[in-house]
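I have placed the structure first, in the form of structure tokens, so that the comments after it can refer back to it.
Predicted, not measured: the structure shown is a model, and the values here were computed from it. Because only heavy atoms are used, hydrogens play no part in the values below, and waters and symmetry mates are left out as well, while side chains stay in.
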Amino acid sequence: MSIVIKELTHVYSPRTPFEKTALDRVSFTIEDGDYFGIIGHTGSGKSTLISHLNGLIKLTDGSIVVNGIDLSKKYDYKKLRSEVGMVFQYPEYQLFDETVERDVAFGPKNMGLSASEIADRVEYAIKLVGLDYDKIKNRSPFELSGGQMRRVALAGVLAMRPKILVLDEPTAGLDPRGKKEILDLTLKIKEHCPTVVMISHNMDEIAAYCNRIAVLGGGKLEGVFTPRELFGRGDLIERMGLSLPTAALIAKKLRDRGVQISASDEDELVSAILNARRSSHA
């Protein structure tokens with residue numbers, strides 16, 4: 001299972017004075033099991049791209065195949081949206097029902113499932129996001145903390161049991177502890193939903209969690225890289241108006257001072273510093 005994107009082009013307001021090309025012949029593949037990052041400055045086409053993956057934006061030029069579903073042909077929207085779960089920025093703003101249980105059940109109900117299947121999925125999803133089902137199911141989502149609300153919103157997507165989870169800035173507005181909790185939660189979720197796609201402006205998050213990263217600029221694909229490949233390309237990062245992860249930035253400053261060291265995330269940095277110290281004392 002995978003996502004194969006070929007020559008994807010999208011133009012807003014075509015043939016009008018407001019015409020804007022948001023995506024220009026973008027092609028890449030997301031493999032089953034990837035924790036795939038998508039980065040680029042504001043207006044680079046990231047949100048437009050992911051909105052194609054579950055049919056929120058209709059495909060007009062190019063091709064996309066999602067787990068065998070060809071979006072260039074007639075397809076079942078319900079099936080596609082059960083395959084691809086989409087979580088946009090501040091998903092807690094999308095909560096609306098009287099209780100947590102009813103809110104999380106909204107998606108499965110729209111899938112036409114039986115009452116027992118809906119109940120099973122709701123309990124499964126609430127527990128999967130680390131909440132106590134019995135304590136929280138009858139509470140109003142609007143009485144919860146911000147972190148709990150975000151987990152409930154995520155549970156509403158997971159209750160549809162997607163195979164691909166797409167996250168648009170999942171840590172926006174959270175404090176450092178809340179950010180780490182949500183991102184660590186995505187690793188747990190990945191055991192049940194094997195492919196995760198994440199948009200983020202936070203290069204530390206991208207470096208720590210993603211195994212492959214697509215870089216967009218002005219609607220064009222600059223390339224797909226591993227974290228080590230990408231954050232070793234200071235020229236590309238600077239040209240795209242992005243920043244290096246903290247670990248890569250420290251490694252660069254050490255290299256500028258003559259210390260031969262390479263790292264793209266915190267664990268690699270610690271190991272590289274320890275190795276450098278051992279070499280210097282050998």
Going through the checks in order, is the side-chain contact (heavy atoms from CB on, under 4.5 Å) test met by Thr226 and Asn211? CA-CA 6 Å; Thr226 66; Asn211 67 302; over 6 Å; no

What verdict does the side-chain contact (heavy atoms from CB on, under 4.5 Å) test give for Tyr133 and Val100, after you've listed the backbone C-alpha separation in whole Å, the side-chain angles of each residue and the deciding distance to 0.1 Å? CA-CA 9 Å; Tyr133 172 73; Val100 167; over 6 Å; no

Give the C-alpha distance, both sets of side-chain angles, the deciding distance and a yes or no for side-chain contact (heavy atoms from CB on, under 4.5 Å) between Leu230 and Val215. CA-CA 9 Å; Leu230 175 61; Val215 183; 3.7 Å; yes

Is there a side chain to side chain donor-acceptor pair (under 3.5 Å) between Asn138 and Thr99 once you walk through the steps? CA-CA 5 Å; Asn138 293 320; Thr99 69; 5.4 Å; no

Evaluation steps, side-chain contact (heavy atoms from CB on, under 4.5 Å), between Ile64 and Ile3: CA-CA 7 Å; Ile64 304 175; Ile3 300 172; 4.3 Å; yes

Should Ser72 and Asp70 be marked as a side chain to side chain donor-acceptor pair (under 3.5 Å) after you check the CA-CA gap, both sets of side-chain angles, and the distance that decides it? CA-CA 5 Å; Ser72 64; Asp70 188 342; 2.5 Å; yes

Is there a salt bridge (charged side-chain N to carboxylate O under 4.0 Å, His left out) between Arg239 and Glu222 once you walk through the steps? CA-CA 11 Å; Arg239 177 163 58 83; Glu222 292 290 328; 3.3 Å; yes

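Looking at Val224 and Thr29, their side chains never come closer than 4.5 Å, going by heavy atoms from C-beta outward. Side chains of Arg212 and Glu229 form no contact here, defined as non-hydrogen atoms less than 4.5 Å apart. Residues Leu167 and Val197 are not in side-chain contact: their nearest non-hydrogen atoms beyond the backbone lie 4.5 Å or more apart. Taking the side chain as every heavy atom from C-beta outward, Ile38 and Leu49 approach each other to under 4.5 Å. The shortest distance between side-chain heavy atoms of Ile189 and Leu128 falls below 4.5 Å. Side-chain contact between Leu95 and Met149 is present, with heavy atoms from C-beta onward closer than 4.5 Å. In this structure the side chain of His201 reaches within 4.5 angstrom of the side chain of Thr42, judged on heavy atoms. The shortest side-chain heavy-atom distance between Arg25 and Lys220 falls under the 4.5 Å cut-off.
Legend: residues meeting salt bridge (Lys or Arg N to Asp or Glu O under 4.0 Å) with Glu238, ordered by chain and number and at least two apart, are absent. In this view, Glu98 and Arg102 satisfy the side-chain contact (heavy atoms from CB on, under 4.5 Å) rule, not counting sequence neighbours.
No hydrogens or angles considered: a donor-acceptor pair under 3.5 Å links the side chains of Thr195 and Asp32. One side chain, Thr48 or Tyr12, offers a donor N or O that lies under 3.5 Å from an acceptor on the other. Looking only at atom types and distance, the side chain of Tyr209 has no donor-acceptor partner in the side chain of Asp204 under 3.5 Å away.
Here the side chain of Thr21 pairs no donor or acceptor atom with the backbone of Asp24 at under 3.5 angstrom. Checked by atom type and distance alone, the side chain of Arg150 never pairs as donor or acceptor with a backbone atom of Glu92 at under 3.5 Å. Not one N or O on the side chain of Asp168 forms a donor-acceptor pair closer than 3.5 Å with the backbone of Ile199. For the pair Glu19 (side chain) and Arg15 (backbone), a donor-acceptor distance under 3.5 Å is present. Side-chain N or O atoms of Asp103 include one that pairs as donor or acceptor with a backbone N or O of Asp97 at under 3.5 Å. In terms of modelled atom types and a separation under 3.5 Å, the side chain of Glu205 and the main chain of Asn202 share no donor-acceptor contact. Between the Arg151 side chain and the Ile182 main chain, no donor and acceptor come within less than 3.5 Å of each other. For Ser140 (side chain) and Phe142 (main-chain N/O), a donor-acceptor pair under 3.5 Å exists by modelled atom type. Under the 3.5 Å distance criterion, the side-chain polar atoms of Ser13 are left unmatched by any main-chain donor or acceptor of Thr16. Without hydrogens or angle criteria, Lys20 side chain to Pro14 main chain gives no donor-acceptor distance under 3.5 Å.
Phe106 CZ to Met160 CE: the interatomic distance, rounded to the nearest 0.5 Å, is 9.5 Å. Between the OG atom in Ser27 and the CG atom in Leu8 there is a gap of 8.0 Å [rounded to 0.5 Å]. Rounding to the nearest 0.5 Å places CD1 of Ile39 at 9.0 Å from OG of Ser200. In this structure, the separation between OG on Ser51 and CZ on Phe88 is 4.0 Å, given to the nearest 0.5 Å. Atom NZ of residue Lys79 and atom CG of residue Asn67 lie 8.0 Å apart, to the nearest 0.5 angstrom. Between the CE atom of Met86 and the CZ atom of Arg81 there is a distance of 8.5 Å, given to the nearest 0.5 Å.
Counting all heavy atoms, side chain and backbone alike, Met240 lies closest to Gly217 at CE-CA, 3.2 Å. The shortest heavy-atom contact between Ile5 and Val26 is CG2-O, 3.4 Å. Closest approach of Ala155 and Ala125 over heavy atoms only: O-CB, 3.3 Å. Here the closest non-hydrogen pair linking Gly85 and Pro162 is N-CB, 3.4 Å. Nearest approach of Leu53 to Val84, heavy atoms of both residues: O-CG2, 3.7 Å. Thr60 and Thr9 make their closest contact through OG1-O, 3.9 Å (heavy atoms, listed as atom of the first residue, atom of the second, distance).
The cationic atom of Arg161 (NZ for Lys, CZ for Arg) lies less than 6.0 Å from the six-membered ring centre of Tyr124 and within 45° of the ring axis.
In this structure, Val65 is not a member of the same hydrophobic cluster as Val166, with clusters built from ILVMFWY side-chain heavy atoms closer than 4.5 Å. Two different hydrophobic clusters hold Ile69 and Val4 under the rule that ILVMFWY side chains link at heavy-atom gaps under 4.5 Å. Under the 4.5 Å side-chain heavy-atom criterion for ILVMFWY residues, a single connected hydrophobic cluster contains both Ile118 and Met111. Residues Leu236 and Leu244 are members of one and the same hydrophobic cluster, defined by side-chain heavy-atom contacts under 4.5 angstrom among Ile, Leu, Val, Met, Phe, Trp and Tyr. Under the 4.5 Å side-chain heavy-atom criterion for ILVMFWY residues, a single connected hydrophobic cluster contains both Leu80 and Leu59.
Under the 4.0 Å criterion applied to side-chain N and carboxylate O atoms, Glu181 and Arg177 are assigned as salt-bridge partners. In summary, Arg233 and Asp235 engage in a salt bridge, as defined by a charged side-chain N under 4.0 Å from a carboxylate O. Ion pair Glu101/Arg139 not flagged as a salt bridge, since none of the NZ, NE, NH1 or NH2 atoms sits closer than 4.0 Å to an Asp/Glu carboxylate oxygen.
Membership of the apolar cluster around Tyr90 extends to Tyr93, as traced through chained side-chain contacts below 4.5 Å between ILVMFWY residues.
By the neighbour-count criterion of 12 heavy atoms within 6.0 Å, atom CZ of Phe96 is densely surrounded, having more than that number from other residues, nucleotides or ligands.
Relative ring orientation between Phe36 and Phe28 is described as parallel, the plane-to-plane angle staying below 30° on a 0-90° scale split at 30° and 60°.
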